[in-house]
Amino acid sequence: MRVRYAPSPTGSPHVGNIRTALFNWLFARHHGGRFILRIEDTDAARKIEGAEEEIMESLRWLGLDWDEGPVVGGDFGPYRQSERLSIYQDMARRLAEEDKAYYCYCSTERLAEMRAQQAKEKRPPGYDRRCRELPPSQRPAGIPPLVRYKMPVEGKTTFHDLIRGDVTFDNAVLDDFVILKSDGYPTYHLANVVDDYLMEITHVMRADEWIPSTPRHLLLYEACGWRPPLFVHLPIILGPDRAKLSKRHGATSLAAYRDQGYLPEAMLNFLALLGWSLDDKTEVLTKEDIVRHFSLERVGKTAAIFSLEKLDWMNGLYIRHLGAEDLRDRLMPFLDKGLPPEAPRPLSPGYVLAIASLVQERLKKLSDVVELTDFFFVDDLSYDVSLLLGKSLKRDLASQALELSIQRLKPMAVFDAHSLEETLRPLAADLGLKTGAFFGLLRAAVTGRAVTPPLFESMALLGRERVMDRLEQALGRVKAILGLTG
RNA sequence: GGCGCAUUCGUCUAGCGGCCUAGGACACCUCCCUCUCAAGGAGGAGACCACCGGUUCGAAUCCGGUAUGCGCUACCA
């Protein structure tokens, strides 16, 4: 079995696009077939420099390796359509010679006018076939022609979709579509059919939106005298507004999710579940699990909305299951990029390792680490004094609590989490404070935040010097307020 | 407008004629645990299976129609 992922390099691939790649890859790996990457760069105008590299980078990030295609080569290359132009041109010429296609000289302006007229008269749009029977003698000179397929005017075309069953179209609703543009480039329809044939693709697995063009492709296979492959149309992925996922949905490119700190293994698991399921309960699956069980029979037919909530949960789950050093290594670049410049670099791997274990079960995304742990790296804690006083804490009590804490902390022989808790916990009672209120005060003083990793572990990691320093500073701030208001 | 595809909790889905007074997960709510936040544990609420007709002893499951959504309708893919 041979399947392909055939993106056009018009930008960084979005998750819907990549999901199609994933299903092709899963299908190939499950059946021991070949997964081919083919770049469909037939639209010179929309082609974006660097997009091809981004496509490959996205595939690599998810771990979808291709057996043939750019970089790796293969026996059916080249795998970039812009390098296969003569093949399409020869084919278009052949079809024209066999009277299965014809040259069209209509200008873009005329076509636009025609469409406007059709719309006005509420007639179905489509080429009016003016050039269809144009004798060679009447061909205008000096106008580079394009080539159109000579669509049968009657009859029906039916194809069998592996997950949708038979789909039938009336040939009459199909117009004479362009197969070769006037710039010598093929359209998707021609290039796709020619390449799928020449590359011996057995299953064309692509998004739902291609269903309406499948009869054109089928007719093209027929015109060329080729046996068509099997067709599989995958449900599309919609944005939260139920429209087809596209650029305007914000962070839809796979790379954007990577940059936010989603793990590739979580993304792969999540994407696989968008349209495929193993059974009525299993949801957490490794790549190997999915490959082992993947089957077209369990691919659904309804469009799915790409919603972040479940992805976030799954990402957190995968983060929690990471080994300590693995997590540290993945966190490092996010800290490096996200921490303010005053945080000393390079970051200490040992220090980050300890921090990582403190936040592991608190992360949904790797990028969350910055907000959660910046106080470990930066000494200038800028927080509002009200954070120290809280809602119910009297000011004099706050200052008293800080003073007492400093006093008790000073003589501690070992400054570890356990000893810290042993010396500080009784203090709450001594002060007549609830532990929540007391620890909240200390937390604010030491971290400048209301929400942090566990207090004693954090204090131990920060070290005696910094903790004492921050407590003193907090005390000073509370006292300043006391003095101000009497 | 034409053509096509789809239609089960807010979301992802299980279900392929009786196991369904519809199962799981995320999100949500409550409680427990607890130094905050998480994580974890225990509960809860949430779907008249889009609607209307058939077929059948019996339908979420089969058939037809309607509605709605989405897609296609380019010298884009």
Side-chain angles (χ1 to χ4, degrees), chain A residues 6-10 17 40-43 45-46 104 106-108 111-112 115 118-119 121-127 144-148 161 164 167-170 172-175 177-183 185-189 191-192 206-215 233 235-236 238 240 242-244 270 273-284 297-298 300-314 316-317 320 359-364 368 372 421 424-425 428 434-444 447 449-456:
Chain A
S8 63
T10 56
N17 211 316
E40 309 221 323
D41 52 347
T42 57
D43 187 349
R46 289 207 312 153
C104 172
C106 294
S107 69
T108 322
L111 294 175
R115 260 191 297 276
Q118 287 165 340
E121 294 169 17
K122 299 225 185 279
R123 282 172 21 230
Y127 180 58
L146 52 78
V147 182
R148 289 182 183 276
D161 186 286
R164 273 159 232 280
V167 181
T168 302
F169 287 83
D170 251 314
V173 306
L174 272 16
D175 72 346
F177 60 97
V178 177
I179 58 176
L180 196 76
K181 309 176 208 175
S182 55
D183 64 1
Y185 275 71
T187 59
Y188 171 89
H189 305 298
N192 199 258
R206 78 236 294 196
D208 223 343
E209 67 210 61
W210 291 106
I211 291 178
S213 12
T214 306
H233 289 99
I236 54 171
L238 309 174
R242 306 199 135 272
K244 189 170 89 167
F270 179 74
L273 256 22
L274 237 43
W276 174 85
S277 64
L278 173 59
D279 53 30
D280 59 343
K281 43 197 53 154
T282 316
E283 297 203 293
V284 180
E297 282 171 29
R298 298 206 59 88
K301 35 175 84 167
T302 79
I305 294 175
F306 186 88
S307 113
L308 251 29
E309 289 172 341
K310 197 158 185 171
L311 207 211
D312 282 346
W313 163 76
M314 190 168 272
L317 188 81
R320 271 169 256 137
V359 295
Q360 181 155 25
E361 64 190 27
R362 295 172 168 75
L363 299 174
K364 276 190 161 52
D368 294 342
L372 214 50
E421 179 158 14
L424 289 173
R425 190 172 284 278
K434 289 197 164 165
T435 51
F438 179 48
F439 294 159
L441 168 69
L442 293 180
R443 162 172 292 108
T447 69
R449 289 183 179 278
V451 174
T452 72
L455 180 60
F456 307 116

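Side-chain proximity of A:Ile211 to B:rC5, B:rC75, B:rC35: nearest is B:rC5. The nucleotide whose nearest atom lies closest to any side-chain atom of A:Arg46 is, among B:rA27, B:rC76, B:rG4, B:rC76. Listed nucleotides: B:rA39, B:rG15, B:rG1. Nearest to the side chain of A:Arg320: B:rA39. For A:Ser307, taking side-chain heavy atoms from C-beta onward, the closest of the listed nucleotides B:rG15, B:rC5, B:rU11 is B:rU11. When distances run from any side-chain atom of A:Val167 to the nucleotides B:rG24, B:rG4, B:rC37, the shortest one goes to B:rG4. Which of B:rA77, B:rG23, B:rC35 sits closest to the side chain of A:Leu455 comes down to B:rC35.
For A:Lys310 against B:rA25, a side-chain N or O and a base N or O form a donor-acceptor pair under 3.5 Å. Side-chain to base pairing of A:Lys244 with B:rC70: no donor and acceptor N or O lie closer than 3.5 Å to each other. Applying the 3.5 Å distance criterion, the base of B:rC37 shares a donor-acceptor pair with the side chain of A:Arg362. Remark: the A:Glu361 side chain and the B:rG40 base include no donor-acceptor N/O pair separated by less than 3.5 Å. With hydrogens and angles left out, the side chain of A:Thr452 and the base of B:rC37 share no donor-acceptor pair within 3.5 Å. Contact of A:Arg443 with B:rC35 (side chain to base): a donor-acceptor pair of N or O atoms is detected under 3.5 Å.
The CZ atom of A:Arg362 sits 12.5 Å away from atom CG of A:Asp368, with the distance rounded to the nearest 0.5 Å.
Dashed line: the shortest gap from a side-chain N or O of A:Arg115 to OP1 or OP2 of B:rC75 is under 4.0 Å.
Applying the Watson-Crick and G-U wobble criteria (two distances, each under 3.5 Å), B:rU30 pairs with B:rA42.
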